Amino acid sequence: MPRFHIQTFGCQMNVHDSRRIEEVLYERGYQAASGPESADLIVLNTCSVREKADHKLLSMVGTFRDLKEQNHDLVIAVAGCMAQQQGEALLDRLDLVDVVIGPDNIPDLPGLVQHVQDGGPPVARTVFDLDSPSFLTARVRPGQREVSAFVTVMKGCDERCTYCIVPYTRGAERYRAADEIVAECATLCAGGVREITLLGQTVNSWHEPSEPSASESRFPELLRRIARELPQLLRLRYTSPHPRHVTSALVQAHAELDMLPAHVHLPLQSGSDRILRLMLRRYRSADYLARARALMSARPGFTLSTDMIVGFPGETETDFQDTLALVREVGFCAVFAFKYSPRPHTPALRLGDDICEELKSERLARLFELVDELQSKHLQSLVGSTAEVLVEGPSKTNAARWTGRSERHEIVHVDLSAAHEPSGTRDLRDYAGELLRVRVIEANKRSLLAVPMGTMPQPARRLPARKQVVRLPLMSP
Ligand code: 5AD
Ligand code: SF4
């Protein structure tokens, strides 16, 4: 039986794509290899959002040269955004690569591998499925316990933020029908999944594929439908939303649906209106703040995390100060911050890359310092409070502990060393997928330590809130 090894770089979308690649390969009789050394097929699922990823791929492919020399039948495939971005050119650049496959062509992978194994030349397939988009579906593997799963609701991006290569590598927006989305969620729930994360480049712009793209997002209706039809689901998340599609209806859904956690990851990118305009983010800092506040008012303790870019072309100290001020004002619980990296095919290339590496590093360090301060204050403030933890699995470092996420998305380690069965024997239950009510006893740098207050296999559902949430004004791009 042929064996594969997949190496994944980049975002959750890629993690999800790697799962789909695995599924396609399993279906064709492949087995997972224990590592690249024992594989007949190595798939590198790449990211090209920042330049670093490019370098990573080059050095990673290089490390397989010896393996390829020892085993002439070994096939190396490059998938993901970099494959889509460079296509055939990648075959010319990297002599060790046999197959280049775009994100929309994953089902073709086994056939292309076969073509190479049959003596065919290296091959690239990077065609977008614009006319009849397909969305590979996820399944729970027989015999495996999966607490969390991803479900794609849309792919591609029409936003054209000036720094971003994604519209180029993932193509135009394509939407998936609600019936298909709900059916996939139902299959996952039946397989034991307790948490589903809806995925899309601008996930909250979702509408039915039959509706025109200019129509208002129907995302809140999709959330309500999933919550209604799958009450057994414990958590429904989504990533990544665009601030301009955070509507009053979405905020209202957060206020009413218990299944939605009290946390959203809402990319901001910069706190300076001047830079936001140059980035073509289509909102001002005040618009973002209004949306952040509306979401935070939907639930007690609601937290927000975000993505930021420092050192965008022309970013002055004043612009950066605006960023720091907004980060402090919103009080993000976590920030993923990156140095601006010029990418091919992006409009921002015209603006140059005038912020030197040292200044980018310095600003990044100052931003992280502020984020550390906010994060540690936030975690400290939770000591003594209660939380609901969806357990993902046993702790990697302590046999008596289980690790999961709170409803606000903090990482929580639950200490069960004092837990005993009624008979007095040690508690050996598998808590993965359980929702535990806990009391927080300690705050660490990036996580919380808690003790259980009893097992809650399923939370009581709250009645829909009557409260009318904040009415959000329209955005002024
Ligand atoms: N340079 C730096 N960071 C980038 N991101 C996207 N493009 C770039 C770029 N050219 C960041 C954004 C986005 C996250 C996924 O990656 O913050 O939200
Ligand atoms: Fe890139 Fe902007 Fe689209 Fe996000 S919304 S994928 S940053 S173009």
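In listed order, ligands and their atoms are each counted from 1. From a predicted model like this one, the values you see are computed outputs, not experimental measurements. FYI, the numbering just counts along the sequence from 1.
- Heavy atoms of R281 come nearer than 4.0 angstrom to ligand 2 in at least one pair.
- Looking only at protein N/O/S atoms, the ones less than 2.8 Å from atom 3 (Fe) of ligand 2 make 1 in total.
- Ion pairing between E410 and R446 fails under the 4.0 Å rule for side-chain N and carboxylate O.
- Between the side chains of S217 and H207, not a single donor N or O lies within less than 3.5 Å of an accepting N or O.
- Contact annotation: the side chain of P243 never approaches that of L268 to less than 4.5 Å [non-hydrogen atoms, C-beta and beyond].
- Among residues two or more places apart in sequence or in another chain, the ring pair (Phe, Tyr, Trp, His ring centres under 6.0 Å) test is passed with F336 by H265.
- A centroid separation of less than 6.0 Å is found between the aromatic rings of Y238 and H254.
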**Request:** Please test F332 against H409 for ring pair (Phe, Tyr, Trp, His ring centres under 6.0 Å), starting from the C-alpha separation and ending with a verdict.
**Result:** CA-CA 12 Å; F332 291 107; H409 209 51; over 10 Å; no

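- Within 4.0 Å of ligand 1, protein heavy atoms belong to V49, R50, Y163, Q269, D307, I309, F338, K339, Y340, S341, R343, listed by chain and number.
- Taking a cut-off of under 4.0 Å to the non-hydrogen atoms of Y163, the atoms of ligand 2 that pass are 7 (S).
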**Request:** Begin with the C-alpha distance, continue with both residues' side-chain angles, and end with the deciding distance and a verdict on side-chain contact (heavy atoms from CB on, under 4.5 Å) for V391 and V147.
**Result:** CA-CA 8 Å; V391 179; V147 176; over 6 Å; no

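- A salt bridge between E51 and R343 is absent, with no side-chain N of the basic residue lying under 4.0 Å from a carboxylate O of the acidic one.
- Every pair tested for salt bridge (charged side-chain N to carboxylate O under 4.0 Å, His left out) that includes a residue from residues 300-312 fails, sequence neighbours excluded, so the list is empty.
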**Asked** Yes or no on side-chain contact (heavy atoms from CB on, under 4.5 Å) for F9 and K56, after CA distance, side-chain angles and deciding distance?
**Response** CA-CA 9 Å; F9 304 86; K56 260 196 204 160; 3.8 Å; yes

